[in-house]
Every structure is written in C-alpha cells, then in structure tokens.
Colleague: 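Got a structure for you, questions after.
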Amino acid sequence: MRLKTMCLSLGLALVPAATGAEAADWNSGAGSIKDGRAGGISVPAPIPVTETFKWYLRADVGGGYMKEPQVSERGMTYGYDRDPAEGPPFGMSPAWFNPDFDTFAVGGVGAGLYLTPRFRADVTVDVRTKSDVKAEGRYTYRGDPAIYDAGNTGRQVRFDGRTVEQTDVRATVALANLYWDLTERGSRFVPYIGLGAGFAVRSLDRRHTTAEIGTDVTDPANQTTFTAATFSGQTKAHQLAPAASATAGVGYTLGPGMVLDLNYRYTYIGEVDFSTQVAYGQIVAGRQIGASSRMTIGDTHEHTIRAGVRWNVW
C-alpha cells in the first residue's frame with residue numbers, strides 16, 4: 001500500500017514538469033534554424049490572377065508629319081492656236097503646283113483580339129485632317145497668223161492666261177495589325193512592336209479655272225481686247241490606294257480593364273490619280289473644245305505620334 005502511494009505521488013509530481021517543458025518548446029516538432037530544420041510554419045504566397053480578356057476596343061489621337069508627295073498633271077493643253085514659230089502647244093508646268101501636306105492631325109478607333117500572352121491583333125481605321133494641292137501659273141503666247149491674220153495685214157494677237165486651281169485631299173486608312181508584346185500581358189509597362197497592311201481611301205475635290213485674254217497688239221497705242229476665254233472644271237472622286245505601317249510603342253497598364261498606349265507609327269500610302277474634264281467657256285476657231293486633265297498625287301510617307309486607350313471588354 002505504501003509502495004502504490006509513493007508511485008502515485010511521483011507521477012503527480014512529474015506532470016507539471018512535463019507540461020512546462022512542452023510549453024517551453026511547443027514547436028519542437030517543426031525544428032529550428034540552429035539544428036538545420038525549418039523554423040515556424042510556411043505561409044503560401046498569393047497566386048496572381050490571370051487575365052481572361054480576349055477582346056479589346058481602342059481609340060487614338062495624334063499628330064504627324066510627311067514629306068511632300070510628287071504632284072503632276074497631264075492632259076491640259078494651252079496654245080493650240082499658237083504661232084508655230086514659237087513652238088508646239090504646252091501644258092501645265094510642274095512649277096505651278098504647291099502641295100501642302102506637311103503636318104496633320106489624326107484620330108482613329110479599332111477593335112482587337114489577344115491571341116497569346118505576347119501576341120495580339122487588331123483592325124484600325126484612322127482619319128486625317130485635310131491636305132491640299134494648290135496651283136497658280138501664268139503664260140503668254142502669240143497667236144497663229146494663219147488664224148488671226150489670214151489677210152496678211154500684219155496684225156498680231158497676244159494671249160495672256162492665268163491658271164488657278166485647288167485640290168482638297170482627305171485620307172482614311174484601314175489597317176489590319178499584328179503586335180508582339182515584349183513583356184507578358186498584365187505587366188505594368190508593356191513595350192511592343194507591330195506591322196500592319198491595308199488600304200487608304202483618298203477623297204479628292206479638284207477645282208480648276210483658267211482665264212485667258214487675247215489682245216491685238218499690232219498698234220501699241222491701241223491694244224484692244226481681241227477675244228477672251230475661260231476654261232473650268234471640277235471633280236470629286238474617291239480613290240483606293242495600298243497602305244502599310246510599322247509601329248513601336250509602350251502600354252501602361254492601369255488595371256485589368258484599361259491600358260494607356262503611346263506609340264510611333266510610320267505609314268505608307270500609295271499614289272492615286274484621277275481625271276477632271278475641263279471645258280472651254282468660249283470656243284475660238286482652231287482651238288480645243290475641252291481637255292481631260294489627269295492629276296497624279298504620288299506616294300506619301302507619314303510619321304505619326306499617337307496616344308490612346310485600350311479597353312479590355314470581354
């Protein structure tokens with residue numbers, strides 16, 4: 001009986017010691033840094049939320065510069081009744097043309113598709129502000145004596161003409177573009193490069209007027225007006241031309257649904273040509289009744305800085 005009492009007393013005495021030791025080393029199973037085992041319980045890092053958007057809309061505005069395109073005309077002819085001694089009939093001089101294509105503003109919209117985390121494609125339509133081609137020139141020639149001095153009286157007729165015209169040019173460019181994002185989608189800054197191909201619609205409005213006066217200059221003291229003529233014509237046309245582009249830019253991600261876009265774009269637009277029927281207001285013996293004047297506006301090379309927003313919509 002005494003032995004049982006002593007064992008029970010010893011057991012009760014060891015309980016507090018064992019409890020305290022376990023409390024002092026509560027994570028002994030997890031180990032410690034000193035003995036080479038992990039200390040504490042690891043907490044898993046948050047998993048990034050993957051963007052699931054496939055489609056986006058975009059809007060862009062900007063300004064650009066282009067080198068003046070070559071402008072030429074053929075078909076308009078003056079001096080059918082010119083004195084053969086002065087040479088054959090002549091047309092509009094290239095020096096008369098003064099194109100104004102230097103700077104322009106551009107605005108556009110588009111819709112795109114995310115193909116992979118790095119590749120995306122979109123279709124864009126951009127509209128440019130108006131450019132114009134002005135022309136102004138003067139000419140003088142002597143009339144054919146066989147027409148204006150059939151009686152060999154020595155009369156001479158001098159013709160003085162002035163041509164004024166203007167062509168307004170507006171361009172709308174539609175492109176299919178493919179981009180490669182240099183960092184994965186969702187990064188704060190996403191630089192990218194891209195190429196595009198499509199077409200341009202050039203809307204043209206040309207207005208031509210030539211006023212010509214013939215003067216009898218046989219008697220310097222009595223230079224009477226012999227005859228006058230007006231040639232005029234106007235054409236509105238829409239011409240298609242090939243277009244291509246190269247783009248480099250950077251996107252700044254504001255959130256899963258919006259990206260700011262700043263980019264440089266080079267755009268090539270092919271040449272166009274169109275005809276304008278120029279009719280004489282007054283018909284003079286031996287002279288043409290009218291002309292089909294064809295104007296050509298050469299290739300253009302645009303350099304544009306654009307800023308825009310892309311909205312991830314679905």
Side-chain angles (χ1 to χ4, degrees), residues 64-80 88-108 124-139 161-176 196-212 229-245 266-283 287-304:
Y65 165 82
M66 74 174 77
K67 183 180 179 180
E68 301 287 10
Q70 292 186 343
V71 178
S72 60
E73 184 277 341
R74 63 188 185 276
M76 186 66 193
T77 308
Y78 306 98
Y80 271 93
F90 56 93
M92 296 181 67
S93 169
W96 292 0
F97 291 101
N98 179 27
D100 182 11
F101 283 73
D102 289 352
T103 58
F104 59 92
V106 61
T124 57
V125 178
D126 296 331
V127 178
R128 285 121 177 89
T129 52
K130 182 190 74 170
S131 301
D132 60 58
V133 179
K134 295 180 180 179
E136 182 172 358
R138 296 179 181 273
Y139 60 89
R162 179 173 181 259
T163 293
V164 177
E165 72 164 55
Q166 177 167 327
T167 303
D168 296 333
V169 183
R170 292 178 171 84
T172 301
V173 179
L175 295 169
F199 62 91
V201 179
R202 280 182 166 170
S203 301
L204 308 134
D205 184 359
R206 183 185 180 195
R207 302 174 295 280
H208 175 101
T209 300
T210 294
E212 187 176 279
T230 300
F231 326 138
S232 62
Q234 180 174 2
T235 296
K236 292 185 177 181
H238 302 281
Q239 297 285 322
L240 287 178
S245 70
Y266 160 79
T267 306
Y268 161 82
I269 302 176
E271 74 172 31
V272 294
D273 59 4
F274 60 103
S275 294
T276 301
Q277 291 300 125
V278 180
Y280 278 20
Q282 179 177 344
I283 302 174
R287 310 179 71 175
Q288 66 176 138
I289 297 175
S292 178
S293 175
R294 194 166 191 86
M295 175 180 284
T296 300
I297 299 176
D299 300 342
T300 57
H301 303 270
E302 301 179 353
H303 304 276
T304 310

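Residue numbers count from 1 along this sequence.
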Colleague: For the residue pair H303 and Y65, does the interplanar ring angle fall in the parallel (under 30°), tilted (30 to 60°) or perpendicular (over 60°) class?
Modeller: parallel
Colleague: Between atom CD of E136 and atom CH2 of W96, what is the distance when rounded to the nearest 0.5 Å?
Modeller: 10.0 Å
Colleague: Kindly give the heavy-atom pair with the smallest separation between L240 and V272, and that separation in Å.
Modeller: O-CG1, 4.1 Å
Colleague: Look only at the side chain of S275 and the backbone of S292, and say whether a donor-acceptor pair between them is shorter than 3.5 Å.
Modeller: no
Colleague: Is any side-chain heavy atom of R128 less than 4.5 Å from a side-chain heavy atom of T300?
Modeller: no
Colleague: Distance from T210 atom OG1 to H208 atom NE2, nearest 0.5 Å?
Modeller: 3.0 Å
Colleague: Return the minimal non-hydrogen interatomic distance between A291 and G75, and the atom names on each side.
Modeller: CB-O, 3.6 Å
Colleague: So which heavy atom on S245 is nearest to which on L175, and how close?
Modeller: OG-CD1, 3.5 Å
Colleague: Taking the side chain as every heavy atom from C-beta outward, state whether T163 and F231 have any atom pair closer than 4.5 Å.
Modeller: no
Colleague: Can you tell me how far CG of N98 sits from CD of E68, rounded to the nearest 0.5 angstrom?
Modeller: 7.5 Å
Colleague: On a heavy-atom basis, which atom in P99 and which in P69 lie closest, and how many Å separate them?
Modeller: CG-O, 4.1 Å
Colleague: Using a distance-only test with no angle check, is there a side-chain donor-acceptor pair under 3.5 angstrom linking E271 and T296?
Modeller: no
Colleague: Quick one: OG1 on T172 to CG on D126, what's the gap to the nearest 0.5 Å?
Modeller: 9.0 Å
Colleague: Just verifying a value: how many Å separate F101 CZ and D132 CG, rounded to the nearest 0.5 Å?
Modeller: 7.5 Å
Colleague: Tell me if a side-chain donor or acceptor on Q234 pairs with a main-chain N or O of R207 at a distance below 3.5 Å.
Modeller: no
Colleague: Is it the case that atom CZ in F274 sees more than 12 heavy atoms from other parts of the structure closer than 6.0 Å?
Modeller: yes
Colleague: Out of the candidates M92, Q70, K134, only one should pair with F97 under the side chain to side chain contact (heavy atoms under 4.5 Å, CB included) rule; please name it.
Modeller: M92
Colleague: Anything under 30° is parallel, anything over 60° is perpendicular, the rest tilted; go ahead and classify H301 against Y266.
Modeller: parallel
Colleague: Give, for atom CG of D205 and atom NE2 of H238, the distance between the pair rounded to the nearest 0.5 Å.
Modeller: 9.5 Å
Colleague: Can you tell if the side chain of I297 reaches within under 4.5 Å of the side chain of L204, non-hydrogen atoms only?
Modeller: yes
Colleague: What are the two closest non-hydrogen atoms of A243 and V173, and how far apart are they?
Modeller: CB-CG1, 4.1 Å
Colleague: Pick out which of R294, R206, R202 makes a salt bridge (charged side-chain N to carboxylate O under 4.0 Å, His left out) with D273.
Modeller: R294
